[in-house]
Amino acid sequence: MIDSHCHLDFDVFDDDLTHVIERAGEQGVSRFLVPGTTPNGWQKQLQVAERFEHVDIAFGLHPYFPDFLTNSNVDKLQVMLDTHRESVCAVGEIGLDKTVDMPLSQQEDIFSRQLELAQTCELPVILHHRKTHHLLIKHLKACNFSFGGVIHAFSGSKQIAQEYIDMGFCLGIGGTITYERAHKTREAVKTLPLSAMLLETDSPDMPLCGYQGQRNTPIKITQVAESLAHLLDTDVETVGHQTDANYRRLFLSSDSGRDCPSA
Ligand SMILES: [Zn+2]
């Protein structure tokens with residue numbers, strides 16, 4: 001199984017990252033994607049990817065860190081992508097967040113520049129959303145984005161999900177589905193094709209139901225897979241096998257996300 005979204009570069013993993021990765025490995029979690037957040041993080045991600053063979057990385061400016069959402073940092077991102085093109089499998093985590101203390105119009109300027117970089121580099125994107133699906137879809141359509149990607153921590157309706165899938169995107173399925181109260185998302189997920197899903201934990205954040213207040217780690221991907229198998233009325237092996245294949249198709253094949261199927 002693959003954890004397609006875990007922030008293993010965050011300080012909270014500094015003391016025991018080897019242990020965290022080894023323990024996950026013992027439970028069959030064999031690959032990890034560490035998305036980017038800020039320029040400082042990019043350097044650390046490179047170090048993590050060098051230390052661990054099965055860690056993939058992406059670079060991007062995350063809307064949670066609005067101080068870093070500047071044009072000069074997008075210029076830095078361009079240099080990083082050019083310099084480390086071979087080491088990078090996506091642009092992200094990028095997106096729009098209505099709860100962040102920065103006007104959406106400003107976020108949109110930086111987001112659209114990052115989207116353009118991904119298009120130029122022929123890389124898929126890892127998209128962060130919060131009450132912004134309509135804007136994300138607007139920007140993807142405006143630049144005719146053609147390399148696909150993943151909607152991180154997907155929540156929303158079946159219709160929204162299908163719109164992304166039709167544009168070549170996969171949906172990141174994480175701890176949210178372990179909460180009974182996430183009724184709308186759980187119902188939407190039930191109706192969607194497993195061929196368009198990736199598993200993710202968002203470690204160290206988004207703890208699963210029953211683990212609130214604790215640091216989340218990639219080993220929990222096994223429980224996300226169990227919840228998903230239950231919702232889809234299938235078995236964990238099928239979930240693991242198909243989501244691994246989706247990940248490889250999206251992030252590890254040279255022609256990237258264009259093949260993400262819609263059915
Ligand atoms: Zn994240």
Side-chain angles (χ1 to χ4, degrees), residues 1-14 17 20-21 24 29 31-46 48-49 52 55-69 73 77 80 88-102 107 110-111 114-115 118 123-133 136 148-156 164 169-179 182 185 197-208 211-212 214-221 224 243 247 250-251 257:
M1 269 179 232
I2 300 174
D3 187 349
S4 68
H5 195 115
C6 45
H7 295 282
L8 300 179
D9 59 316
F10 283 9
D11 293 352
V12 68
F13 291 113
D14 281 358
L17 184 57
V20 165
I21 286 183
V29 188
R31 203 165 190 107
F32 312 84
L33 172 52
V34 181
T37 52
T38 66
N40 290 341
W42 303 337
Q43 298 302 336
K44 208 159 158 197
Q45 287 172 268
L46 283 168
V48 173
F52 302 97
V55 168
D56 300 314
I57 55 173
F59 293 146
L61 295 165
H62 191 308
Y64 268 0
F65 305 92
D67 290 351
F68 292 94
L69 294 184
N73 277 333
L77 176 61
M80 285 297 284
V88 173
C89 69
V91 172
E93 174 172 356
I94 64 174
L96 301 168
D97 191 314
K98 208 173 177 182
T99 67
V100 165
D101 189 22
M102 183 188 218
Q107 292 186 44
I110 300 299
F111 173 65
Q114 296 192 88
L115 209 50
L123 283 168
V125 288
I126 300 164
L127 294 188
H128 172 99
H129 68 89
R130 191 170 287 176
K131 299 181 175 163
T132 49
H133 283 312
L136 292 176
V150 59
I151 309 304
H152 160 53
F154 175 74
S155 65
Y164 284 122
F169 276 76
C170 287
L171 310 167
I173 306 296
T176 304
I177 63 163
T178 64
Y179 290 85
T185 301
M197 294 184 196
L198 301 181
L199 299 174
E200 57 170 50
T201 62
D202 202 21
S203 299
D205 302 318
M206 294 187 72
L208 274 60
Y211 298 92
Q212 292 93 324
Q214 295 179 30
R215 180 183 71 165
N216 198 6
T217 70
I219 201 168
K220 292 288 192 302
I221 209 78
V224 175
T243 52
Y247 180 94
L250 186 56
F251 292 122

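Whatever order the structure lists them in is the order used to number ligands and atoms, beginning at 1. Side chains included, hydrogens not; waters and symmetry mates left out as well; all remaining heavy atoms used.
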**Report entry** side chain to side chain contact (heavy atoms under 4.5 Å, CB included) involving Arg215 - partner list, sequence neighbours excluded
**Finding:**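 Arg215 satisfies side chain to side chain contact (heavy atoms under 4.5 Å, CB included) with Val12, Phe13, Asp16, Val20, Pro204, Thr217 only.
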Query raised in the report: So with a 6.0 Å cut-off around CG of Asp14, is the heavy-atom count from everything else above 12?
Result: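 Counting neighbours around CG of Asp14, more than 12 heavy atoms of other residues, nucleotides or ligands fall under 6.0 Å, so yes.
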Query raised in the report: Sub-3.5 Å donor-acceptor pair from the side chain of Thr132 to the main-chain atoms of Arg130, do we have one?
Result: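 Present.
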Query raised in the report: Distance from His152 atom NE2 to His62 atom NE2, nearest 0.5 Å?
Result: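 If I round to the nearest 0.5 Å, the distance is 6.0 Å.
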Query raised in the report: Once the angle between the rings of Tyr164 and His133 is folded into 0 to 90°, is it parallel (under 30°), tilted (30 to 60°) or perpendicular (over 60°)?
Result: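 If you compare the ring of Tyr164 with that of His133, the planes turn out perpendicular.
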Query - Distance filter under 2.8 Å, centred on the Zn ion (ligand 1) - protein N, O or S atoms that pass it - result: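 Within the sphere that stays under 2.8 Å of the Zn ion (ligand 1), the protein atoms of type N, O or S are His5 NE2, His7 NE2, Glu93 OE1, Asp202 OD1.
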Query raised in the report: Tell me, do Leu46 and Met80 make a side-chain contact under 4.5 Å, heavy atoms counted?
Result: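 Result yes, sub-4.5 Å side-chain heavy-atom pair found.
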